[in-house]
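Here is the structure we will look at.
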Number of protein chains: 2
Amino acid sequence: MTPHNKKIPRMSLERLPIYYRTLCNLADNGYLRIKSAQLGKIIQIEPTTIRRDFSYFGDLGKSGYGYDIAHLIQIFGEILEVNETQGLALIGVGNLGRALLINNFRRNPNLEIISAYDADPHVIGETINKVTIQPLSDLKATIQTQQIKGVISTVPSHAFQEVVDYLVDCGITSILSFAPEPVHVPKNVHVRYLDLTSEVQNLLLLAEISDV
Amino acid sequence: MTPHNKKIPRMSLERLPIYYRTLCNLADNGYLRIKSAQLGKIIQIEPTTIRRDFSYFGDLGKSGYGYDIAHLIQIFGEILEVNETQGLALIGVGNLGRALLINNFRRNPNLEIISAYDADPHVIGETINKVTIQPLSDLKATIQTQQIKGVISTVPSHAFQEVVDYLVDCGITSILSFAPEPVHVPKNVHVRYLDLTSEVQNLLLLAEISDV
DNA sequence: CCATTTTTGTTAATTAAATCACATTTATAG
DNA sequence: CTATAAATGTGATTTAATTAACAAAAATGG
Ligand SMILES: NC(=O)c1ccc[n+]([C@@H]2O[C@H](COP(=O)([O-])OP(=O)(O)OC[C@H]3O[C@@H](n4cnc5c(N)ncnc54)[C@H](O)[C@@H]3O)[C@@H](O)[C@H]2O)c1
Ligand SMILES: NC(=O)c1ccc[n+]([C@@H]2O[C@H](COP(=O)([O-])OP(=O)(O)OC[C@H]3O[C@@H](n4cnc5c(N)ncnc54)[C@H](O)[C@@H]3O)[C@@H](O)[C@H]2O)c1
């Protein structure tokens, strides 16, 4: 991929999606170039942090000019592989999963939930947004024909470890969970959490502490 | 609150909700005490990080013994104010907002969405999980009678700045958004983002980079 | 074409977080 | 009661991230 891969700081990679999205918005609004100071204003990141981040991906800017937005989009898009569809599977089509499936990353045409699974016989067979809900045991077969790059899980906490074990068994290595249950996985498997409760608690805690 | 407030590292505070939840789970399962090493195994945090984190909140452990789970729950619960109901407002009751409202933090009895708002006349007046959806303009009045500690926004990106301006005008200072649109707010107002697309992109990127 | 201004890219400095290493404390077993 | 083992709490160190500072590069405007 990029010439110098391993040394890019984690935090710089974490910010890449934000940069990418913001630059796309700017391009959509007709902007052709941007300076680190302007971009910093928009996304509330120090210009110097932005410049350093960008520098990891090559010599992207010009002194006294700034950055060519289309060029940045091109480079960052390549890293994020936005030109290949990234097929995802959704496990657990309850209230939350349903919302995700109906939306199905419509603003991000390369991300796509291509199959969905649940344990409840009442929802299996139902079709939402062109995706028919299957029993989880079908996943292994699906993977034979369609590439699944990652899984989004909205199963309850108590089912999560069991689900993950099966996913690992299927060869899935990237999992995003809305349930905060910590699970054990092999070292090559990545689990991320989107922990709503913690986010809210931290939000309130921060307010509490800072405005006293 | 805690005796020594301002100096607690951000990251230690960020982990507090995780500690709290995990300890509650352990207590529910009948455990009375825990060692930093055991806890570290469960939540995948270095024991030494845990001990340092805990130390910011007092002398909570005993050498050769570990930590008393009930005591930790007591201390952390106080900081997180779990014994007072934290009233929340939900703005935008679409697919995602609906899922949040139906669930309404049922696992966290002190967090509660007590009022919900939308712009769409078709959904205004509808009652979900005992909460009746109101026009957003009613928020200012609601705040007179019920304390709203924070807001969860699931309005689309294009509406977010406008909504935030109104929230700020109402005196709201804590906002959690599912739309990644960066907004400008006064310094005393905190906005957090729960950015699903970035999470997925980073998840896939991490896999890409680490298993090559 | 030159002087001035702007803005990058990066070295150096700073700040923050994580981890190491161990002295100290307490529990426990004999 | 003493010796041993276990586990904490924290200075010291290391690692990572951010920010400052500025030289070099490119643009712009006489
Ligand atoms: N909705 C929220 O507001 C919210 C907030 C915080 C966290 N969460 C987390 O997200 C999870 C899902 O939330 P929800 O509101 O959609 O709950 P839900 O109960 O509506 O949906 C859960 C779905 O998972 C399915 N499921 C259960 N076990 C399964 C298994 N072994 N394999 C496959 N599918 C299985 C169920 O049949 C159900 O359809 C919650 O349990 C919670 O951990 C949700
Ligand atoms: N659902 C997903 O999978 C998903 C994924 C990533 C991000 N998001 C973000 O979350 C947002 C909501 O997702 P959704 O699926 O619930 O969309 P949705 O369209 O179903 O719901 C949006 C709701 O917001 C309401 N609304 C619009 N403008 C408003 C205003 N000014 N004041 C009050 N209410 C207003 C709409 O009437 C609607 O009910 C998305 O726009 C997106 O930014 C959603």
Side-chain angles (χ1 to χ4, degrees), chain A residues 2-19 23 26 31-72 75-76 198 202 205-206 209-210, chain B residues 2-19 23 26 31-72 75-76 198 202 205-206 209-210:
Chain A
T2 9
H4 40 349
N5 233 338
K6 203 44 185 288
K7 13 153 37 178
I8 299 175
R10 155 183 278 278
M11 293 313 288
S12 300
L13 288 173
E14 291 278 335
R15 284 185 286 263
L16 208 46
I18 307 285
Y19 293 140
L23 293 163
L26 287 165
Y31 292 95
L32 299 176
R33 49 151 138 167
I34 185 100
K35 291 171 276 203
S36 61
Q38 296 174 301
L39 184 56
K41 267 279 180 64
I42 297 172
I43 55 180
Q44 308 283 11
I45 296 177
E46 286 293 320
T48 184
T49 299
I50 292 173
R51 293 203 300 278
R52 184 171 300 280
D53 284 348
F54 286 10
S55 77
Y56 294 117
F57 303 106
D59 254 34
L60 306 178
K62 278 191 200 173
S63 301
Y65 172 96
Y67 298 86
D68 183 73
I69 291 177
H71 186 223
L72 290 179
I75 300 289
F76 296 166
S198 289
N202 273 129
L205 182 53
L206 193 56
I209 282 174
S210 63
Chain B
T2 10
H4 39 349
N5 234 337
K6 204 43 184 290
K7 13 157 35 185
I8 299 175
R10 157 183 279 276
M11 294 313 289
S12 300
L13 288 174
E14 291 278 335
R15 284 185 286 264
L16 209 45
I18 307 284
Y19 293 140
L23 292 163
L26 287 166
Y31 292 95
L32 298 176
R33 48 152 138 166
I34 185 98
K35 292 170 275 201
S36 61
Q38 297 174 302
L39 185 55
K41 267 279 180 64
I42 297 172
I43 55 181
Q44 308 282 12
I45 295 177
E46 287 293 322
T48 182
T49 300
I50 292 173
R51 291 203 300 277
R52 189 171 296 278
D53 284 348
F54 286 11
S55 77
Y56 293 116
F57 303 105
D59 253 34
L60 306 178
K62 279 191 198 170
S63 302
Y65 173 95
Y67 298 86
D68 183 73
I69 291 178
H71 186 223
L72 290 179
I75 300 289
F76 297 166
S198 289
N202 272 129
L205 182 54
L206 193 56
I209 282 175
S210 62

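Below, chain A is the first sequence line, B the second, and so on; all start at residue 1.
Residues of residues 41-52 of chain A that place a heavy atom closer than 4.0 Å to DNA chain D, in numerical order, are E46(A), T48(A), T49(A), R51(A), R52(A).
Computed from coordinates, the D53(A) CG to dA16(D) C1' distance equals 13 Å when rounded to whole Å. A straight line from CD of E14(A) to P of dA17(C) spans 16 Å, rounded to a whole angstrom. Look at CZ on F57(B): it is 17 Å from C1' on dT8(D), rounded to the nearest Å. Counting to the nearest Å, the P atom of dT7(C) and the CG atom of D59(A) are 18 Å from each other. Summarising the geometry, the separation between CD1 on I8(A) and P on dT10(C) is reported as 14 Å, rounded to the nearest angstrom. Computed from coordinates, the M11(A) CE to dA17(C) P distance equals 11 Å when rounded to whole Å. Taking atom CZ of residue R33(B) and atom P of nucleotide dA7(D), one finds them 9 Å apart after rounding to whole Å. Nucleotide dT26(C) holds its P atom 13 Å from the OH atom of Y65(B), rounded to whole Å.
In this structure, K62(A) reaches the dA27(D) phosphate: one of its side-chain N or O atoms is under 4.0 Å from OP1 or OP2.
The residue among S63(A) and I34(B) whose nearest nucleotide of DNA chain D is located toward the 5' end is I34(B). If you find the closest nucleotide of DNA chain C to S12(B) and to L60(A), the one lying nearer the 5' end belongs to L60(A).
Atom CD1 of I34(B) sits about 11.0 Å away from atom OH of Y67(B), to the nearest 0.5 Å. Within the model, atoms CG of L23(B) and CD1 of I75(B) stand 12.0 Å from one another, a figure rounded to the nearest 0.5 Å. For the atom pair OH of Y31(B) and CD1 of I69(B), the computed distance is 9.0 Å after rounding to the nearest 0.5 Å.
Using a 4.0 Å heavy-atom distance criterion, Y67(B) is classed as a sugar-phosphate-only contact. Within 4.0 Å of S36(B), counting heavy atoms only, lie sugar-phosphate atoms of the nucleic acid but no base atom.
Salt-bridge annotation for D68(A) and R33(A): absent, with no side-chain N of the basic residue lying under 4.0 Å from a carboxylate O of the acidic one.
When atom types are taken as modelled, the side chain of S210(B) and the backbone of L206(B) share a donor-acceptor pair closer than 3.5 angstrom.
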| said: Using the rule given for side chain to side chain contact (heavy atoms under 4.5 Å, CB included), can you reason through F54(A) versus F76(A), listing the C-alpha separation, both sets of side-chain angles and the distance that settles it, and then say yes or no? | reply: CA-CA 9 Å; F54(A) 286 10; F76(A) 296 166; 3.6 Å; yes
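For E14(B), the side chain to side chain contact (heavy atoms under 4.5 Å, CB included) partners two or more places apart in sequence, or in a different chain, are N202(A), R10(B), M11(B), R192(B).
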